[in-house]
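Proteins get letters first, then strands, A, B, ... in listed order; numbering begins at 1 in each.
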Amino acid sequence: MSLRITLVTAARILRQLLNDRRTVALILAVPALILALISAIMDGSPQMFDRVGLILLAVFPFTIMFLLTSITMQRERAAGTLERLMTTPTAKLDLIGGYAIAFGLCAAVQTGVAATVAYLWLGLDTVGSAWLVALIAIVTSVFGMALGLLVSAFAATEFQAVQFMPVLIVPQIFLCGLIWPREEMAGWLQGVSDALPLTYSVEALQEVQTATEVTAAMLRDLGIIAGAAVVATVLGAATLRRRTG
Amino acid sequence: MPPDSPTVSVEHLVVERGHRTVLLDVSTSIPAGAVTGLLGPSGSGKTTLMRSIVGTQKVKSGTVTVLGEPAGSKPLRRRVAYVTQDASIYPDLSVKSNVSYFAALCGRSKEDAMAAIDAVGMHDHANQLAGNLSGGQKTRTSLACALVCEPEVLVLDEPTVGLDPVIREELWNHFHDLAAAGKTVLVSSHVMDEADRCDRLLLLREGRFIADDTPGDLRASTGTDNLESAFLHLIRELEKAG
Ligand SMILES: Nc1ncnc2c1ncn2[C@@H]1O[C@H](COP(=O)(O)OP(=O)(O)OP(=O)(O)O)[C@@H](O)[C@H]1O
Ligand SMILES: [Mg+2]
C-alpha cells in the first residue's frame, strides 16, 4: 500500500466526478431541495421534521455514495481499467482507499450543504452538535460506498448495479425508523431492523437529538456502523481479483 | 539475471477459459532488445498469452517468468506495462488527465505525460475528453498511458488497429527505438503486413505455436514471398498432416 498512490487515485476519481458538472450539481442540490420539500409538507409539525429531516441527513449520502461507487466501480471493471490498474503498482487497498477518500469528501460536502440548509433555513433543531450529525452522516456514507464496491462485483452492467438499490438500500431505509418508529413494528421486523447497519446510524442521530454530550450509546452505534463499513470493504476487496479467468 | 537470459520465459503453459483449453502446453522465450510479433487468427489465444505474461490471467499449469520473477509479481508492476486490446482509459477524463494519472502511478511527472502524448501524436487533442475521441485516438491514448512509465517490458495487444499508415509507421519506429534501447517489446497483430516489421515472429494457432522465426526465414522456409502466404502455407501443411 502506498499513500501517494491512494491520493493520486482519489484525485483521479474526484476529477472524473468534477468533469460531470450535472451530477455534481444534482449531488449538492437535491438533498437540500428534498429537505425543503419535506419541511414544507410537515409545516404544521416542526418536531416531526426534527425527526425525519435529521434522519434524511444520513440517508441521502448513504444512498448516493452507494450508487456512485457501484456504478463507477462497475464501469472500472467493464472498461478494462481495473485489469490495467492491476498491472500497475496500485494495490487493492490503494484503489479502495482512493474511492473512500474521494467519495467520503464528496459525502462531506453534500452533508455540509444539506445540514447548513436544514439548520439555518428549515429550522432543524437538535440538542446535540451539528458536527456530530455530520460525522454520523459521513461514516454512514462510507458504509454506503463499501456496499457499492461489493455490489459492483455482482453487476454485469450499470443497469444491474442500480437494481441492487431496492435490494440492499431500500429495506434498510424502510426499517431504520425513518418512515415508522421501530418500537411500533412487529417483533420479527424489529429483529430484521436490528440486523441492518443503517438502524444504528438512525439510533445515533436520535441520541444527538436528545443529548448535549457524546453518549456511550452514540459511540457504540458509530462503532457498529464503522464495523459494518470495514466488513463490507473487506468483502468488496476480496472481489477485486488480480487474476481472472 | 545473467545478461543474455530471455526477459520473458513461458514454460508448458496451459490456460483454460470457460471450460475450453485456450493455450495448450505453450513454451517460448522472448528476448530483450527486439520487437517480437505475436501473430495468429482471431481466437487463437494471443490476448490470453499476453494476459498470462502480465499476470492477469488465471493459469491452469506451467510457469511464466518475467525478468527473473514470476509473472505479475509485485516488483514487476513498475517494470512491465500492458496495453489491452480495447483501449482501457477513462472516458470521462481528458487525454492529459488519463496519461498523467498512469504516469503518477509509476512515479512519473506531468512533463513525462506530455512527452508520451507527443510520442503518440495526440498533442493537439491533449485537453479533449477521452470519451469523445475517435477509435484510433483512443488506442493511441491508451498506448501513451503505458509508454509514459518507460517500462522495461512492453506488452501491446493489437496497438495499431484502426490507425492510418503515417501514424502506424511512426509507432513502429518508436517500438524499434525502444527495442534498440534494450527494452523488450511484444506486439500482437493479425495484420500480416505488420509482421514484416517485427524482428521475430511467433505464430499462434488454436492455442499452439506453429512457427517461431524471423520474417525472412519464414518466407524462405515456406517458399513464399509474403508472410500472408507463408502463414496460409503453414496452416495447410498442418491440416494435411491432420
Ligand atoms: N472471458 C472468457 N471466457 C471464456 N472464454 C474466453 C474468454 N475470453 C476469451 N475466451 C476464449 O478464449 C479463446 C482465445 O481468446 P483470445 O482473446 O486469447 O484470442 P485472440 O487471439 O486474442 O483473438 P483476437 O485476435 O480476436 O483478439 C477464444 O476462443 C475465446 O472465445
Ligand atoms: Mg485478442
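Residue A/Tyr119 places its OH atom among more than 12 non-hydrogen atoms of other residues, nucleotides or ligands, all under 6.0 Å distant.
Taking CG of A/Leu85 as the start and CZ of B/Arg77 as the end, the distance is 11.5 Å to the nearest 0.5 Å. In this structure, CG in B/Leu129 is found 5.5 Å from CG in A/Asn19, a value given to the nearest 0.5 Å. The distance from atom OG of B/Ser88 to atom CD of A/Glu76, rounded to the nearest 0.5 Å, is 10.0 Å. One finds the NZ atom of B/Lys74 at 8.5 Å from the CZ atom of A/Arg242 (value rounded to the nearest 0.5 Å).
For residues 91-103 of chain B, heavy-atom neighbours of chain A at less than 4.5 Å comprise B/Asp92, B/Leu93, B/Ser94, B/Ser97, B/Tyr101, B/Phe102, sorted by residue number.
B/Cys145 touches chain A through backbone and side chain together, each having a heavy atom under 4.5 Å away. Interface remark: A/Thr9 contributes backbone and side-chain atoms alike to the contact with chain B (heavy atom separation under 4.5 Å). With a 4.5 Å cut-off on non-hydrogen atoms, A/Arg84 touches chain B through its side chain but not through its backbone. Contact of B/Thr84 with chain A is made through the side chain alone, with heavy-atom distances under 4.5 Å. Residue B/Val80 touches chain A through its backbone alone, counting heavy-atom pairs closer than 4.5 Å. Within the 4.5 angstrom heavy-atom criterion, no atom of B/Ala81 approaches chain A.
Among the candidates B/Ala87, B/Ser52, B/Ala104, B/Gly18, the residue making the largest number of heavy-atom pairs closer than 4.5 Å to chain A is B/Ala104. Per-residue heavy-atom pair counts under 4.5 Å with chain A were compared for B/Gln85, B/Arg78, B/Arg17, B/Arg51, and the maximum is reached by B/Arg51. Counting heavy-atom pairs under 4.5 Å between each of A/Glu83, A/Arg15, A/Arg241 and chain B puts A/Glu83 at the top. Note on A/Gln16, A/Arg243, A/Met86, A/Arg75: by heavy-atom pairs under 4.5 Å with chain B, the leading option is A/Arg243. With respect to chain B, the highest number of heavy-atom pairs below 4.5 Å among A/Leu82, A/Thr87, A/Ile5 belongs to A/Thr87. When each of B/Pro151, B/Ser142, B/Pro75, B/Cys106 is checked for heavy-atom pairs under 4.5 Å with chain A, B/Ser142 comes out on top.
A/Thr81 is not listed as a side-chain neighbour of B/Ile89, based on a closest heavy-atom distance of 4.5 Å or more.
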